[in-house]
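Notes follow the structure.
In listed order, ligands and their atoms are each counted from 1. All residue numbers refer to positions in the sequence shown, counting from 1.
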Amino acid sequence: MNANVKPQGATDTQLVDKHGRVIDYVRLSVTDRCDFRCVYCMSEDMTFLPRQQVLSLEEIYQVAKAFTELGVKKIRLTGGEPLVRNNVMSLVENIGSLPGLEELLLTTNGSQLEKLAGPLKDAGVTRINISLDSLDADRFRNMTRTGKLDKVKRGIEAAVATGFDAIRLNSVILRGRNDHEILDLLEYAMGLGINIAYIEEMPLGEVSDHDRLDTMVSNEEVMAVIGERYPLTPIDMTTAGPSRYYRIESTDTKVGFISPVSHNFCDTCNRVRVTVEGRLLLCLGNEHSMDLRRVIRENPGNDEILKAHIVEAMDLKPKRHYFYDKDEPQLVRFMNMTGG
Ligand code: SAM
Ligand code: SF4
């Protein structure tokens, strides 16, 4: 078991890494598949994992249960597109009922939300992030390669009507593509009374569509565009992640800037990820990992052995990540494999 000293306040979690960081947030990827092929996330021709390599819904639940028993309070379901996995709602309901879990979050492209927003709330999902990069139907189609804007907008509006604790749009801004829509996207969020986060493109996976160094728009640039029309007031909203939040006076909308490339947020990192292959990734930008699928399949039904491995894996969590440093190779893992 992990012999690391627990920092103050870490009484009810057993997950503490070598650098004293408490891990109480897990992002679980429930599928690598998706109905979209966003240009920054996937290549046009993707090969998805064979079924045998993918954790079953029961195995994903076993992982979620083990983490909550180790003190994890917050789980985010992501992918791939989590809502396209068969029977995913049974998994959401089961995870939503886990004792000790305080927040169940979801990141989705919105394509299934029109029919699933209500059932997701009933299953215990508290907050939803919905990706939206363009309000122009042709450009939306172009950036997602397959997506239909109308359907996604109906999904977003269904989520708003359902009344989650918070809804946030996620927009990846690419130069020459949607960088002139920064204000339109913000005003759409303001009109619905929901939040928006601008995400810098990360170098995850080799994409066929563009050279990322040409298209990456820094959040400083996005912030400058917004600041010209809407003064931004910083708010103290700690997420222990790469986001900084601002308020726009006399609106309900908070604006987040997620800057994994230009800002280092590793000191306060409280999270790990589990891929749909059961690989426990200790850091978004590094390959340090543990194969939980092997542990589960070699020890069927044994939660204690699984938990012992998770505790042990905390020692592998690196101090920080580097994306574009010269001596480090660019990662080959795609975002849909990583669990965004
Ligand atoms: N399919 C869901 C969706 O699109 O919201 C969940 C998975 S997706 C991988 C999660 C988030 O990662 C999305 O908001 C997407 O825009 C973002 N994303 C994907 N590839 C990215 C990249 N290379 N850089 C930055 N963000 C990326
Ligand atoms: Fe699918 Fe989300 Fe990746 Fe787009 S960002 S291809 S919706 S997994």
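- Against a heavy-atom cut-off of under 4.0 Å, N170 is close to the following atoms of ligand 1: 14 (O).
- Counting atoms of ligand 1 from 1 in the listed order, those under 4.0 Å from a heavy atom of V172 are 16 (O), 26 (N).
- Considering backbone and side-chain atoms together, N129 places no N or O closer than 3.5 Å to any N or O of ligand 1.
- For G80, the heavy-atom gap to ligand 1 drops under 4.0 angstrom.
- Between I167 and N195 there is no side-chain heavy-atom pair separated by less than 4.5 Å.
- In this structure, E298 places its CD atom where more than 12 heavy-atom neighbours from other residues, nucleotides or ligands lie under 6.0 Å away.
- The N/O atoms of T78, backbone and side chain alike, include none that comes under 3.5 Å of an N/O atom in ligand 1.
- Under 4.0 Å is where a charged nitrogen must lie from a carboxylate oxygen, and between K74 and E102 no such pair does.
- Each of the atoms 4 (Fe), 5 (S), 6 (S), 7 (S) of ligand 2 lies under 4.0 Å from some heavy atom of C38.
- A salt bridge links E69 with K307: the closest approach of a Lys/Arg side-chain nitrogen to an acidic carboxylate oxygen falls below 4.0 angstrom.
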What side-chain donor-acceptor pairs closer than 3.5 Å can you find for residues 184-193, not counting sequence neighbours?
residue	atom	partner	partner atom	Å
E187	OE2	R229	NH1	2.8
E187	OE2	Y230	OH	2.6
Y188	OH	E157	OE2	3.1

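- In summary, the aromatic rings of Y246 and F257 are positioned with their centroids under 6.0 Å apart.
- Classification of E181 and R139 as a salt-bridged pair holds, one side-chain N sitting under 4.0 Å from a carboxylate O.
- Of all the listed residues (L169, D35, I199, T144), I199 holds the heavy atom that lies closest to atom 26 (N) of ligand 1.
- Ligand-side atoms of ligand 1 in range of T108: 2 (C), 3 (C), 5 (O), range being under 4.0 angstrom from any heavy atom.
- Put simply, C41 gets within reach of atom 3 (Fe) of ligand 2, with an N, O or S atom under 2.8 Å from it.
- Every atom of ligand 1 is numbered from 1 in the order shown, and the set under 4.0 Å from a heavy atom of E201 is 24 (N), 25 (C).
- Listed by number with element, the atoms of ligand 2 under 4.0 angstrom from any heavy atom of G80 are 8 (S).
- Annotation: side chain to side chain donor-acceptor pair (under 3.5 Å) contacts of K115 (sequence neighbours excluded): Q112.
- G79 counts as a contact of ligand 1, since one of its heavy atoms falls under 4.0 Å from the ligand.
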